[in-house]
4 protein chains.
Amino acid sequence: MVPTPNPERRNERSRRATLAATIELIAARGYGKVTIEAIATQAGASKQTIYRWWPSKAALALEAINDYIGEAIDFPDTGDITTDLTTQISEVTDLLTGPIGTVFRGVIADAQSDPSVGAALRETIIEPRTRLCEARLAAAVAAGQLRADVPTRVMVEMLYSVVYYRLLFGTDELDPRKTPAFLEYVFTGLRPLPPRAEP
Amino acid sequence: MVPTPNPERRNERSRRATLAATIELIAARGYGKVTIEAIATQAGASKQTIYRWWPSKAALALEAINDYIGEAIDFPDTGDITTDLTTQISEVTDLLTGPIGTVFRGVIADAQSDPSVGAALRETIIEPRTRLCEARLAAAVAAGQLRADVPTRVMVEMLYSVVYYRLLFGTDELDPRKTPAFLEYVFTGLRPLPPRAEP
Amino acid sequence: MVPTPNPERRNERSRRATLAATIELIAARGYGKVTIEAIATQAGASKQTIYRWWPSKAALALEAINDYIGEAIDFPDTGDITTDLTTQISEVTDLLTGPIGTVFRGVIADAQSDPSVGAALRETIIEPRTRLCEARLAAAVAAGQLRADVPTRVMVEMLYSVVYYRLLFGTDELDPRKTPAFLEYVFTGLRPLPPRAEP
Amino acid sequence: MVPTPNPERRNERSRRATLAATIELIAARGYGKVTIEAIATQAGASKQTIYRWWPSKAALALEAINDYIGEAIDFPDTGDITTDLTTQISEVTDLLTGPIGTVFRGVIADAQSDPSVGAALRETIIEPRTRLCEARLAAAVAAGQLRADVPTRVMVEMLYSVVYYRLLFGTDELDPRKTPAFLEYVFTGLRPLPPRAEP
DNA sequence: CCTTAAGCGAGACGGTACGTCCAGTCTTTTA
DNA sequence: TAAAAGACTGGACGTACCGTCTCGCTTAAGG
């Protein structure tokens, strides 16, 4: 590593080229087959410059993702939690179906062996978005649209974990069109539906 | 690789030592920091012998896991699906909290870059157990304990994906004691509970 | 470095190719412009293999020289020290005019910064040949052809240092035809010659 | 390199500090272990400034040597060539025993790979001093103290090459007290001394 | 019983990428 | 406009593993 460089003097062109090269190469060859040397070459940067600003390929990929998806997209709030979650989960599913999905899978993979990657992953991606989602869910609870006795954090996990399960295990297709049905299952539960009251 | 070795002449002692070394080393140092050379040394085997029987570290780890957990544990069937799933999910959670969890996370990580690892993972671990679970769920559906209009495959994902989410992201503690409450959420759904009918 | 490899299992073909590549490349590009990577590539060897057997480029070059010039050429002994030294010094001059000269200059250069190279240079090249020369000079002293009050080691230095001076500084041409005159100067000294006795 | 800087605006303090740092660091760590970056840091100069005025570490070292030893010391002329050479060679030996010796060895080393360093070395150090020495030797020849049929350039080499041989190979100690005996060998030659005429 | 062919431990090999270091250039700021 | 500071490209360094390859040694089977 390099001793505490000065961020003000950083070359922005080199930074952008490096992050772009990271996504391009990973999307094209797969995370595991991309080396830092290849990224450096593709970006027209030197390895030293990369190591000056990022400690690992995973850190690079993580920043590339964050740059790509931009500011923490505000959670939609139309007043109806079902509508809003459908929108949101579909968007996430869409995103993970494209090149970012490949990059993301690689970062999650590296996080399994490198705790600092796991921490960075949680801090820069998972937790901020989880908190936004929790806030929206809390509002829905307050509006009487959701149970008050289920921790919002657990709700978030119930809503999103299936997406990651499919992303990582490849057992089922990631398809935004499945979102509404899935949400209905989560909201209504798996118990048999009671007979509708007759009018 | 070596051209089709003869499994009958295989040295069982060497095989066991290798699988044991795999789990020990991965549990001790983490999946990513364990090399095949280290496993060979620890097992008193030669690298050649390992490559003769396993194509990759992930394949080795996968077989080590399967050997460790033994026969596909039959899904319990007490007649009550809640009881049975509580038992089963708690057991899985327990397992993934120990050394096998570390090995498993490594295999999942490698599966993200190597499709053949993904396939092997699904075929030897995920799918067989998923099918057992689906069968039990189908029985519960038939017994009127679960909705008939939700694919059992989706039910399995809803029940287990949260465990893997926590395992891989480390956002929440893996704790078997949380299983009953979680099951209640999944079965009853997140909508507010209707007021109990007065007696 | 690699932990004490077993010389018996060494690949002789690889060793020869590496030493040959060393001389070829240094002769073609100059010592300083040759990298170990280039030698490895040219020899069809891997860097690791080179580092397994040689600690540095200089060590490689030194062994290449020794292999090239073969066994310590016995010092000639015709009975006449002038004849023998003429032969010997001319041969050394010839050798240093060719590719070996370039390699040799590089090793001497590295010896200035790396004491272990200096030691190896003395032990494998300088000292063995110095001792052979001293032995021949001692015989000449015993035969009354040379002064007995000058240490043979100093004689060796007086006889050979000019060759290295010219090799390293490039102040004067290295030309074997200059050897007889030079020897006459060293043997007779720089003082004016006394007038010959008339017959 | 920078296109022809204006020497008049040069910062003399920076120049001195750089040359001083060069000698200090090389004396302390050895020529090969000193980098231009280290010299810049030690001198409180920037790398750019160093590259503006010197093309290489060797050029820097060469100028440092020349600054250190000051004006080309005039060759002494007492009328007796033996006395004068003893003085001169002893001084050179003394100089090369100290820090300048280490710097000098480094420059000679670099000259083996970089012809421009060799040229600079000859032009700024070797040749000027050689010419002074040749002039003194020519005077001695004219005075009948030395042979007229030996080129003075060869005499210079015979007188000084042994010093460099010992400096570069480290085969023998550089000791000014050995100078008189050595001179006697060179002047009288290695042939056995004829019996002194009886009085 | 004795060959013989396979699996085995050992470890050297060609390769690839690692993360570091320094050369030499370029840019920004200060005096 | 020189100089200090230091980020930059480029490229070699020496290391670590990969997956392949010989090499003897052991071991079980078949002639």
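These values consider heavy atoms only, across backbone and side chains, with no hydrogens, waters or symmetry-generated copies. Since we're looking at a predicted model, the values are computed, not measured. Within every chain, numbering begins at 1; the chains are lettered A, B, ... in the order of the sequence lines, protein sequences first and strands thereafter.
Considering only heavy atoms from C-beta on, C:Y68 stays 4.5 Å or farther from C:V103 through its side chain. Side-chain contact between D:W54 and D:R15 is present, with heavy atoms from C-beta onward closer than 4.5 Å. Looking at D:I108 and D:R105, their side chains never come closer than 4.5 Å, going by heavy atoms from C-beta outward.
Scanning all heavy atoms of the two residues, the minimum distance from D:P99 to D:I23 falls at CB-CG2, 4.4 Å.
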### Task
Evaluate side-chain contact (heavy atoms from CB on, under 4.5 Å) for A:K47 paired with A:I50, printing each intermediate quantity in order.
CA-CA 5 Å; A:K47 283 207 296 178; A:I50 293 184; 5.6 Å; no
### Task
Would you sort out whether B:S56 and B:D110 count as a side-chain contact (heavy atoms from CB on, under 4.5 Å), showing the intermediate values?
CA-CA 10 Å; B:S56 64; B:D110 274 7; over 6 Å; no
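Remark: C:S14 in residues 14-41 of chain C come within less than 4.0 Å of DNA chain E through at least one heavy atom.
Computed from coordinates, the A:E8 CD to F:dC8 P distance equals 13 Å when rounded to whole Å. Per the geometry, CH2 belonging to D:W54 stands 15 Å off P belonging to E:dA23, to the nearest Å. Separating the CG atom of A:D114 from the P atom of E:dG19 is a distance of 11 Å, rounded to the nearest angstrom. Residue B:R52 contributes atom CZ, which lies 8 Å from atom C1' of E:dA6 at whole-angstrom precision. One atom, CD of C:E12, and another, P of F:dC23, lie 14 Å apart when rounded to the nearest Å. Taking atom OH on B:Y51 and atom C1' on E:dA12, their separation rounds to 15 Å, with Å as the unit.
Of the candidate nucleotides F:dT9, E:dA12, F:dT15, F:dT15 has the atom nearest to the side chain of C:K47. Checking F:dT9, F:dA4, F:dG19 against every side-chain atom of D:S46, the shortest atom distance belongs to F:dA4. Relative to the side chain of A:Q48, the nucleotides F:dA5, E:dG14, E:dT20 differ in distance, and E:dT20 lies closest.
Remark: B:W53 is in phosphate contact with E:dC8, judged by side-chain N or O atoms under 4.0 Å from OP1 or OP2. Between D:R10 and the phosphate of F:dA2, there is no side-chain N or O to OP1/OP2 separation shorter than 4.0 Å. OP1 or OP2 of E:dG14 has at least one side-chain nitrogen or oxygen of C:T49 nearer than 4.0 Å.
Nearest-nucleotide mapping onto DNA chain E: of B:I50 and C:R13, the residue sitting toward the 5' end is B:I50. Comparing D:N11 and C:K57 by the nucleotide of DNA chain F whose heavy atom lies nearest to each, the residue mapping closer to the 5' end is D:N11.
A cation-pi geometry, defined here as NZ or CZ lying under 6.0 Å from the six-membered ring centre and within 45° of its normal, holds between B:R10 and B:W53.
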For nucleotides 28-31 of chain E, print each protein N/O atom paired with a nucleotide N/O atom at under 3.5 Å, atom names and distance only.
none

Donor-acceptor pairs under 3.5 angstrom involving side-chain atoms of residues 113-123 of chain A: please list them, not counting sequence neighbours.
residue	atom	partner	partner atom	Å
A:S113	OG	B:G32	N	2.8
A:D114	OD1	A:S116	N	2.9
A:D114	OD1	A:S116	OG	2.7
A:R122	NH1	B:F169	O	2.7

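Partner of C:I26 under the side chain to side chain contact (heavy atoms under 4.5 Å, CB included) criterion, chosen from C:I100, C:L60, C:V34: C:V34.
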